[in-house]
Amino acid sequence: MQQVRGFVSVPVVNNIHAIKKDLQAIRPVGLFYLHEGDRMKKVLIIGIVASGKTTLAKRLSQKMNIPSYELDGIVHPQTPDGRYKRTADEQVEVIMDIDKNGAWIFEGTDRESYQCLFDMADTIIFLDTPLWKRRIRIFTRFLKQQLGIEKCHYQSDLTMLKMMYKWTRDFESNRANFESKLQSYQHKVIRLHDNKDLSFVK
């Protein structure tokens, strides 16, 4: 390479233009960069109670034409005799069967039984909805369920209401541990604060 009093040789200039073109083809998404040629095919949406995971999964599913699955339904499947809890191995078996079909969107809270999804997903969306909004949603959801306006797969009563607030407190108390785990996957993590935000989808 030759440099003469502030002037850069033509090959270097051409390289700069090429680099600039490559950078323009990359768009920032959450905590990492997603190239325009890439496409999300296996998405894990993770978040605590009332963060809006199901709504986000449905909207993302429609926009990307990828099937979405509630992890709670995999953990506690509905049968004619009621709901029961699958073992950790059974949960993973169901997940692996779904994975065989190709693209998917899984949404749910963080459970030890399906940690494999963090590795299987090409994109992890942490729906970090503000605490005050989650608290309000828990209560308004409870009222709607009691009035028959909103259906749910669990028994909606005061005990469950208290449990949801407890799970919320527990998550916030242990947030540092969860954030630490996310650091291991930061290259594919998108952090959202609103389940209506689909700006990261091309």
Side-chain angles (χ1 to χ4, degrees), residues 29-32 34-35 37-129 134 141 145 150-156 160 163-164 167-168 170-171 174 177-192 195-198 200-202:
V29 178
L31 301 179
F32 70 103
L34 183 67
H35 194 278
D38 294 341
R39 183 172 183 270
M40 294 181 291
K41 295 180 180 179
K42 298 185 177 184
V43 183
L44 172 62
I45 299 175
I46 208 80
I48 192 56
V49 175
S51 56
K53 302 179 299 297
T54 303
T55 299
L56 175 60
K58 288 179 179 178
R59 296 184 69 228
L60 194 58
S61 174
Q62 292 174 352
K63 190 173 181 67
M64 299 181 63
N65 195 29
I66 293 177
S68 65
Y69 305 89
E70 290 185 45
L71 285 165
D72 187 56
I74 292 176
V75 176
H76 298 100
Q78 185 70 47
T79 70
D81 299 323
R83 302 180 84 202
Y84 75 97
K85 185 175 182 179
R86 285 189 172 109
T87 65
D89 289 341
E90 290 172 337
Q91 294 170 37
V92 173
E93 185 177 352
V94 173
I95 289 170
M96 292 303 179
D97 283 341
I98 293 173
D99 184 59
K100 292 176 183 177
N101 297 324
W104 44 254
I105 299 171
F106 283 110
E107 61 89 1
T109 56
D110 184 30
R111 289 176 182 265
E112 190 64 34
S113 55
Y114 45 68
Q115 292 299 296
C116 58
L117 283 172
F118 282 83
D119 295 311
M120 294 168 63
D122 57 49
T123 306
I124 299 172
I125 299 177
F126 173 32
L127 187 50
D128 192 13
T129 306
R134 284 184 273 130
R141 180 183 293 175
Q145 292 166 353
E150 183 177 303
K151 295 182 179 180
C152 62
H153 303 301
Y154 51 84
Q155 185 174 346
S156 179
M160 179 57 74
M163 286 302 297
M164 288 188 173
W167 293 330
T168 300
D170 290 346
F171 175 79
N174 297 293
N177 293 332
F178 179 73
E179 294 281 4
S180 177
K181 178 167 65 176
L182 280 187
Q183 283 296 314
S184 302
Y185 304 95
Q186 60 180 334
H187 61 286
K188 58 180 179 180
V189 170
I190 298 174
R191 184 187 297 262
L192 298 179
N195 63 357
K196 295 179 182 179
D197 182 7
L198 295 182
F200 59 91
V201 182
K202 181 181 178 182

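Here the structure is a predicted model, which means the values were calculated and not measured.
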Rounded distance [0.5 Å steps], [atom1] in [X] versus [atom2] in [Y]:
X    : Y    : atom1 : atom2 : result
W104 : S68  : CH2   : OG    : 12.0 Å
D119 : K188 : CG    : NZ    : 6.0 Å
I46  : L71  : CD1   : CG    : 7.0 Å
D122 : K41  : CG    : NZ    : 8.5 Å
L44  : I105 : CG    : CD1   : 11.0 Å
I98  : I74  : CD1   : CD1   : 4.0 Å

For a quick test of reading the model, state the closest non-hydrogen atom pair linking [X] to [Y] and the distance between them.
X    : Y    : answer
G102 : K42  : O-CE, 3.6 Å
P77  : V75  : CD-O, 3.3 Å
T109 : Y114 : O-OH, 2.6 Å
A50  : R141 : CA-NH2, 3.7 Å

Are [X] and [Y] side-chain neighbours, meaning at least one heavy-atom pair lies under 4.5 Å?
X    : Y    : answer
Y154 : M164 : yes
L60  : L198 : yes
E107 : T54  : yes
M120 : I95  : yes
Y69  : V94  : no
M40  : M64  : yes
Q183 : E179 : no
I125 : F200 : yes

Is a side-chain donor or acceptor of [X] paired with a backbone partner of [Y] at a separation under 3.5 angstrom?
X    : Y    : value
R59  : K196 : yes
N195 : L56  : no
R134 : T168 : no
S51  : I48  : yes

If the condition is salt bridge (Lys or Arg N to Asp or Glu O under 4.0 Å), which residues does [X] pass it with, not counting sequence neighbours?
X    : result
E90  : none
R86  : none
K181 : D110

Has [X] got more than 12 heavy atoms of other residues, nucleotides or ligands less than 6.0 Å from its [atom1]?
X   : atom1 : result
Q78 : CD    : yes
D97 : CG    : yes
K58 : NZ    : no

*Is the distance between the ring centroids of F126 and F178 less than 6.0 Å?*
yes

*asked:* Closer than 4.0 angstrom, basic N to acidic O: yes or no for R191 and D128?
replied: yes

